[in-house]
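The sequence lines fix the lettering, A, B, ..., with proteins before strands; numbering per chain opens at 1. All figures in this text were calculated on a predicted structure; none of them were measured in a lab.
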2 protein chains.
Amino acid sequence: MRDTCCMCTEECLQQSRAGRLSRRAALTGAAAAAAGLVAAAPAQASPAPAARLGSRLRDLTYPLTTTFPAFAPGEEAAKRTWVTIEDDGYYLQEWRLLEHYGTHVDAPGHFVPGGRTSTELRLDELVTPAVVVDVAARAARDPDTVVTVDDLRAHERRHGRIPRGAAVLMYSGWGARAGDAAAYRGADANGTLHFPGFGAEACEWLLRRRGIRSVGVDTLSIDPGRSTTFDAHLLLAGADRYGLENLANLGRVPPAGATVVVGLIPFQDGSGGQARVFATW
Amino acid sequence: MRDTCCMCTEECLQQSRAGRLSRRAALTGAAAAAAGLVAAAPAQASPAPAARLGSRLRDLTYPLTTTFPAFAPGEEAAKRTWVTIEDDGYYLQEWRLLEHYGTHVDAPGHFVPGGRTSTELRLDELVTPAVVVDVAARAARDPDTVVTVDDLRAHERRHGRIPRGAAVLMYSGWGARAGDAAAYRGADANGTLHFPGFGAEACEWLLRRRGIRSVGVDTLSIDPGRSTTFDAHLLLAGADRYGLENLANLGRVPPAGATVVVGLIPFQDGSGGQARVFATW
């Protein structure tokens with residue numbers, strides 16, 4: 001596992017903390033960071049995973065439909081019947097998909113020029129320990145809440161240290177709204193979205209102090225809905241890490257001790273893409 | 001695990017063996033069989049998997065590109081850049097996909113009216129023991145070769161009994177041709193395809209005698225390329241089982257003792273679809 005925080009990541013984090021960067025400049029800095037972190041390992045390597053499949057298995061994936069809430073209206077998937085058993089002897093559908101619809105991965109290249117794409121994430125990055133940070137009670141009162149460093153420290157006091165290489169998953173209870181796009185997106189009269197996400201400081205802390213592999217959320221974005229600067233995306237991609245969005249059933253995964261299996265479709269030049277995500281413990 | 005062969009499956013198998021059914025009639029019979037076998041279990045169940053994640057992990061998935069060989073020319077995926085970091089601050093692609101391109105699952109509904117679709121395959125069906133049957137030496141001499149009952153019995157003599165609920169995977173060495181669509185499809189002057197697959201008798205034997213969960217191949221189809229009757233598809237779908245096609249790296253998976261993890265994207269009404277498939281042992 002290559003979890004060491006390198007100098008360029010540290011530099012990127014410091015720049016972001018200081019708030020001295022425009023979004024475009026942050027992207028450029030993050031690109032430089034990512035460039036130095038791209039793994040040389042082939043996609044077909046056979047590493048030893050850091051965790052093991054247990055006796056419990058839970059699906060963290062929403063069915064891929066044409067009505068699941070999209071980040072922006074119009075980004076929903078579309079499908080049509082291609083052939084039918086009646087006419088052709090077999091049945092299949094054709095899909096039109098954007099890579100960030102439904103349960104999906106954000107690869108580093110989604111936000112970082114030259115960042116790794118879907119085929120470049122290694123298997124040992126897709127099977128990792130998982131922790132679930134529960135902010136559902138606060139999110140029910142405040143849709144703009146974010147995961148904070150205090151939340152992470154409190155989680156560790158109760159459930160033990162967040163493992164190196166972990167997927168850190170926010171459970172906000174937002175899945176209860178997934179059947180209602182307006183409620184899930186939380187757009188106000190100005191079009192600003194409102195749903196929980198990861199705070200920038202929490203991302204920095206997880207990357208620098210815990211050497212995590214990924215963060216995931218049960219909302220449309222690892223950044224809170226109202227974000228205009230996409231700090232969580234930029235920090236994570238800048239550190240050559242990936243995100244998981246629109247995860248289901250996080251309330252049914254233990255706070256610590258699970259393994260997440262991220263079945264990312266290896267899209268050519270993919271900025272991420274649809275994934276079948278399991279948890280096991 | 002619901003692996004018991006029910007009466008209607010037995011009837012379907014007998015009809016198919018006797019060769020008394022037209023393809024359409026076989027489909028109808030298979031539909032009836034499937035109807036009685038549709039699982040009532042919800043997709044979000046948490047069953048105990050039959051096998052465990054080991055210390056070795058192998059990717060059985062081809063990158064999803066626009067140039068991978070399609071069963072029929074014109075069925076390749078297409079993609080285009082949707083937004084760019086330069087212009088929009090982030091990058092993503094749009095895809096046009098048929099459900100049976102690249103490494104993918106054939107759900108029962110692909111060939112059976114009313115058969116289960118992608119969202120209806122349970123997690124305990126997607127994580128199963130795996131065995132790999134090696135017919136590569138014969139396939140190198142005869143592209144029309146099929147996996148036979150003799151192959152399966154010989155495999156068991158060397159590697160032990162095929163486990164109930166297993167994925168039975170044919171390794172034919174066809175992956176060496178995956179970079180050359182003409183060689184991978186093996187079309188002759190008449191347009192007939194030539195590549196190895198499962199014989200009908202072997203499928204019957206696996207379903208009836210071993211209660212398997214799935215069969216998989218490193219070719220375009222679980223039926224051999226020259227098939228016009230799609231016996232393997234009909235037998236498997238008729239027994240409410242699924243297929244795996246265009247698997248990579250099967251020559252690097254042990255003949256017995258591995259577990260396969262099938263990360264099928266749960267396409268709405270899906271006849272199957274793209275999957276990230278891992279083996280572990």
Side-chain angles (χ1 to χ4, degrees), chain A residues 23-24 27 43-44 46-49 51-53 55-59 61-66 79 82 85-86 89-100 109-113 119 123-124 127 230 233 248-249 252 259 261 263-272 274-276 278 280, chain B residues 23-24 27 43-44 46-49 51-53 55-59 61-66 79 82 85-86 89-100 109-113 119 123-124 127 230 233 248-249 252 259 261 263-272 274-276 278 280:
Chain A
R23 183 174 170 200
R24 179 56 48 84
L27 284 165
Q44 303 295 352
S46 296
R52 300 179 72 84
L53 199 64
S55 62
R56 301 280 294 179
L57 196 56
R58 177 70 62 183
D59 199 349
T61 320
Y62 285 107
L64 183 59
T65 71
T66 58
K79 71 183 179 80
W82 185 255
I85 294 174
E86 188 176 22
Y90 58 101
Y91 159 68
L92 68 90
Q93 300 182 119
E94 179 193 49
W95 286 81
R96 174 262 188 185
L97 288 177
L98 296 178
E99 288 169 343
H100 295 262
H110 181 39
F111 265 79
V112 169
T119 55
L123 289 200
D124 68 311
V127 181
F230 299 97
H233 278 92
N249 291 322
R252 298 179 176 198
T259 294
V261 179
L264 169 63
I265 300 299
F267 290 99
Q268 178 184 19
D269 306 322
S271 65
Q274 284 72 36
R276 184 69 175 261
F278 303 134
T280 180
Chain B
R23 183 175 170 199
R24 178 57 47 84
L27 283 166
Q44 302 296 351
S46 295
R52 299 180 73 84
L53 198 65
S55 62
R56 302 279 293 178
L57 196 57
R58 177 69 63 183
D59 199 351
T61 321
Y62 285 106
L64 184 59
T65 71
T66 58
K79 72 182 177 79
W82 185 254
I85 294 174
E86 187 176 23
Y90 59 101
Y91 159 68
L92 68 91
Q93 300 183 119
E94 178 192 49
W95 286 81
R96 173 263 189 186
L97 288 176
L98 296 178
E99 288 169 343
H100 295 262
H110 182 39
F111 265 78
V112 169
T119 55
L123 290 199
D124 67 312
V127 181
F230 299 98
H233 278 92
N249 291 322
R252 298 179 176 198
T259 294
V261 179
L264 169 63
I265 301 298
F267 290 99
Q268 178 184 20
D269 305 324
S271 65
Q274 284 72 36
R276 184 68 175 261
F278 302 135
T280 181

Side chain to side chain contact (heavy atoms under 4.5 Å, CB included) between B/Arg96 and A/Arg96, worked out | CA-CA 5 Å; B/Arg96 173 263 189 186; A/Arg96 174 262 188 185; 5.8 Å; no
Heavy-atom nearest pair, B/Tyr91 first then A/His100, reads O-NE2, 4.3 Å
Here the pair of heavy atoms bringing B/Thr65 nearest to A/Gln268 is CA-OE1, 3.2 Å
Correct closest heavy-atom pair for B/Glu94 and A/Leu98 would be CB-CD2, 3.5 Å
Whatever's closer than 4.5 Å to a heavy atom in chain B on A/Trp95 counts as both
Note: A/Tyr62 and B/Pro266 closest approach over all heavy atoms is O-CG, 3.5 Å
Rounded to the nearest 0.5 Å, the CD1 atom of A/Ile265 sits from the OG1 atom of B/Thr61 at a distance of 7.0 Å
Turns out that what part of A/His110 lies under 4.5 Å from chain B's heavy atoms comes down to both
Rounding to 0.5 Å, atoms CZ (A/Arg276) and CD (B/Gln274) come to a distance of 13.5 Å
Do B/Leu57 and A/Val127 touch side chain to side chain, with heavy atoms closer than 4.5 Å? yes
One should read off an interatomic distance between B/Thr66 OG1 and A/Asp269 CG, to the nearest 0.5 angstrom, of 8.5 Å
d(B/Ile85 CD1, A/Phe111 CZ) to nearest 0.5 Å is 8.0 Å
Rounded to the nearest 0.5 Å, the CG atom of A/Leu92 sits from the CG atom of B/Leu97 at a distance of 11.5 Å
A/Leu123 and B/Asp59 have their tightest heavy-atom pair at CD1-N, 3.4 Å
d(B/Tyr90 OH, A/Ser271 OG) to nearest 0.5 Å is 10.0 Å
